[in-house]
K.L.:
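Quick one: this structure, given as structure tokens, is what I'll be asking you about.
Residue numbering restarts at 1 for every chain, and letters A, B, ... go by the order of the sequence lines. What you see is a predicted model; the values in this text were computed from it and never measured.
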There are 2 protein chains.
Amino acid sequence: MQIDKIDRAWRGAERCKHCAIRHLVLFSDLTHEDFDRIHQPIDDMEFEPGQRLYYQGENISSVYTIRAGLIKLVQHLPNGDRRIVRLLSQGDLAGLESLNGQVADHDAVCLDLVQVCRLPVSLIQRLQKETPNLHQGLINRWQKALSGADNWITRLSTGKARQRVARLLLLLDQASTDDFFFLPTREDMGAMLGITTESTSKATAEFRRLGLLKKLGQNRAWIDAEALQQQFC
Amino acid sequence: MQIDKIDRAWRGAERCKHCAIRHLVLFSDLTHEDFDRIHQPIDDMEFEPGQRLYYQGENISSVYTIRAGLIKLVQHLPNGDRRIVRLLSQGDLAGLESLNGQVADHDAVCLDLVQVCRLPVSLIQRLQKETPNLHQGLINRWQKALSGADNWITRLSTGKARQRVARLLLLLDQASTDDFFFLPTREDMGAMLGITTESTSKATAEFRRLGLLKKLGQNRAWIDAEALQQQFC
DNA sequence: ATTCGGGATTTAAATATTTCAATGCCTCAG
DNA sequence: CTGAGGCATTGAAATATTTAAATCCCGAAT
């Protein structure tokens, strides 16, 4: 794994206090005193598309807070099948399973330019003991991951292929902050939906012919959410 | 909802201290002093097959520890589609989302005779503040639910119908403590796998003809796990 | 501007799944 | 014992998806 940049200019949590997206991250409820308990360095890291934060089966000792970008969690079966089981974006945590001492359940692969903060498990565990202000944040994120997984099953793994593709596009659109959204490759979309690349392509091509989906440069796209929802969900 | 029995003979946590399956439940790490902090009644409840612990969208104020039996979590979509997203059994928690103040994400429906203990959310939250001994148990259960959901996606919602049915049977078999296991209706199995009742039936019938699956009375069944795994996964 | 390479899209044929409509089978109430 | 009701199973036809094999298209590099 090639890590592009690790910025350790600030030791400990000095920078955390001034983090621009602090209200979105795990540490949002910490007090100033809590921050002073953080003596280990929290690395600010950047990953290129295609790089992995960690591999399925790897023994990881950190949790990652996503500051920017999109990450796919890929799970492999013994027989070689693989499935994307979740997408992570700003404010989500990757590698939660490390808090239970488990090895990674998935490959965590960056889809675009990703910025994360790496939080050592030992730090999280110590903070949990010393301050109650972390709990709710952790619980919330766990719960969000779980309901995300449930939705993945109900919305993205149920029904006809076209319907699933429509639901995925709607989900990507909703998750995006601007008018447009990141459109994964057809192969990745297929792996999210449990259908083939070709079936995915057929659906997106159809939506495009209907004017419900427009591709812009750079993996970005736009949909007519109303109409798509109306006609295909 | 018809609740068969609520046994409140013991107030507070007196009975918890002597619970036969305490090592499996959320309170396993509590100390004797911790138990003395429990002043609210913890109801011991029993449900018949088909009864619901709660409904999707319902505002629930308790978490349920499963002592015995099997529960399906059913999620409904606006368009009427529905999917079973998880099965809960001994030691699992139902209604975790109530800890975040959310309404229930699913219907929790009993598949067989179910025994649960009902833990008020307010109790959990207070204990969380007063003792650190609950955290790990909670974290562990959240994590178990999450990796269960991931597996549900990767193993039960991916691949051909026959393969999914085989994987479900293997999973039911593994989860069981004895040689046999609870075999749900074909309809429920279909709802777990995202396929039709008929497709499920065709698969189980085929396994039965091959001698890999045998039905015993009362929803119980046996499989030749080795062979099933070998030939269909 | 031109070429190259990697996705994306298409098509037709092969499979798989769903639909729909009958039976079949088992249990339980009477 | 017997019939009724509720699942389960089966078969055939209608659809949907996958497979396999060409193109097609677009952006990056020359």
K.L.:
Test: side chain to side chain donor-acceptor pair (under 3.5 Å). Region: residues 183-194 of chain B. Which pairs qualify, not counting sequence neighbours?
P.N.:
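Non-adjacent pairs meeting side chain to side chain donor-acceptor pair (under 3.5 Å): B:K72-B:D188, B:R186-B:T204.
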K.L.:
Under 4.0 Å, heavy atoms only, any strand: does B:R164 hit a base, just the sugar-phosphate, or nothing?
P.N.:
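No contact at all - B:R164 keeps every heavy atom at 4.0 Å or more from the nucleic acid.
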K.L.:
Angle, rounded to 10°, between the helical axes spanning five pairs at each terminus of the helix from C:dA1-D:dT30 to C:dG30-D:dC1?
P.N.:
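That helix has its two terminal axes inclined by roughly 40°.
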K.L.:
How close or far is atom C1' of D:dC24 from atom CZ of A:R209, stated in whole angstroms?
P.N.:
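In whole Å, D:dC24 C1' and A:R209 CZ are 14 Å from each other.
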K.L.:
In this structure, which one of A:H76, A:Q75, A:R82 forms a side-chain hydrogen bond (donor to acceptor under 3.5 Å, both in side chains) with B:T154?
P.N.:
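The option that passes is A:Q75.
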K.L.:
In whole angstroms, how far is the C1' atom of C:dT27 from the CG atom of B:N219?
P.N.:
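Nearest whole value for this atom pair: 12 Å.
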K.L.:
Can any side-chain N or O of A:N79 pair as donor or acceptor with the backbone N or O of A:D81 at less than 3.5 Å?
P.N.:
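Judged by distance alone, yes, a pair lies under 3.5 Å.
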K.L.:
Is a side-chain N or O of A:Q51 found less than 3.5 angstrom from the main chain of A:E48, in a donor-acceptor match?
P.N.:
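Yes, A:Q51 side chain to A:E48 backbone: donor-acceptor pair under 3.5 Å.
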K.L.:
Hey, does the side chain of B:R86 reach the backbone of B:L146 with a donor-acceptor pair shorter than 3.5 angstrom?
P.N.:
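Pair absent, no side-chain N/O of B:R86 close to backbone of B:L146.
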K.L.:
Side chains of residues 161-169 of chain B: which donor-acceptor partners sit under 3.5 Å, not counting sequence neighbours?
P.N.:
{"unit_1": "B:R162", "atom_1": "NH1", "unit_2": "B:E206", "atom_2": "OE1", "d": "3.4"}
{"unit_1": "B:Q163", "atom_1": "OE1", "unit_2": "B:K160", "atom_2": "N", "d": "3.3"}
{"unit_1": "B:R164", "atom_1": "NE", "unit_2": "B:G159", "atom_2": "O", "d": "2.9"}
{"unit_1": "B:R164", "atom_1": "NH1", "unit_2": "B:L193", "atom_2": "O", "d": "2.6"}
{"unit_1": "B:R164", "atom_1": "NH2", "unit_2": "B:G159", "atom_2": "O", "d": "3.3"}
{"unit_1": "B:R167", "atom_1": "NH1", "unit_2": "B:R155", "atom_2": "O", "d": "2.7"}
{"unit_1": "B:R167", "atom_1": "NH1", "unit_2": "B:T158", "atom_2": "O", "d": "3.1"}

K.L.:
Using the 3.5 Å cut-off, write out each protein N or O paired with an N or O of nucleotides 13-17 of chain D and the distance between them.
P.N.:
{"unit_1": "D:dT17", "atom_1": "OP1", "unit_2": "A:A161", "atom_2": "N", "d": "2.7"}

K.L.:
Are any protein N/O atoms closer than 3.5 Å to N/O atoms in nucleotides 3-8 of chain C? If there are, list each pair with its distance.
P.N.:
{"unit_1": "C:dA8", "atom_1": "OP2", "unit_2": "A:R186", "atom_2": "N", "d": "3.1"}

K.L.:
Quick one: do B:L216 and B:F180 satisfy side chain to side chain contact (heavy atoms under 4.5 Å, CB included)? Show the steps, please.
P.N.:
CA-CA 9 Å; B:L216 316 168; B:F180 312 124; 3.4 Å; yes
K.L.:
Under the side chain to side chain contact (heavy atoms under 4.5 Å, CB included) test, which residues partner B:N100, sequence neighbours left out?
P.N.:
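Per chain and number, B:N100 pairs via side chain to side chain contact (heavy atoms under 4.5 Å, CB included) with A:Q136, A:I139, A:N140, A:Q143, B:Q102, B:W142.
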K.L.:
Please report, rounded to the nearest Å, how far the P atom of C:dT18 is from the CE atom of B:M189.
P.N.:
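It works out to 14 Å between those atoms.
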K.L.:
Can you tell whether the side chains of B:D178 and B:R220 come within less than 4.0 Å, N to carboxylate O?
P.N.:
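Here B:D178 pairs with B:R220 in a salt bridge, since their nearest N and O are under 4.0 Å apart.
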K.L.:
Round to the nearest Å and state the distance from B:E198 atom CD to D:dA12 atom P.
P.N.:
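Roughly 16 Å, once rounded to whole Å.
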K.L.:
Test your reading of the model: is there a side-chain donor-acceptor pair from B:N219 to the backbone of B:F182, 3.5 Å cut-off?
P.N.:
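The answer is no, because no donor-acceptor pair under 3.5 Å joins these two groups.
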K.L.:
Using modelled atom types and a 3.5 Å cut-off, is there a donor and acceptor pairing between side-chain atoms of A:W152 and backbone atoms of A:M192?
P.N.:
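Yes; judged by distance alone, with no hydrogens or angles, the pair exists.
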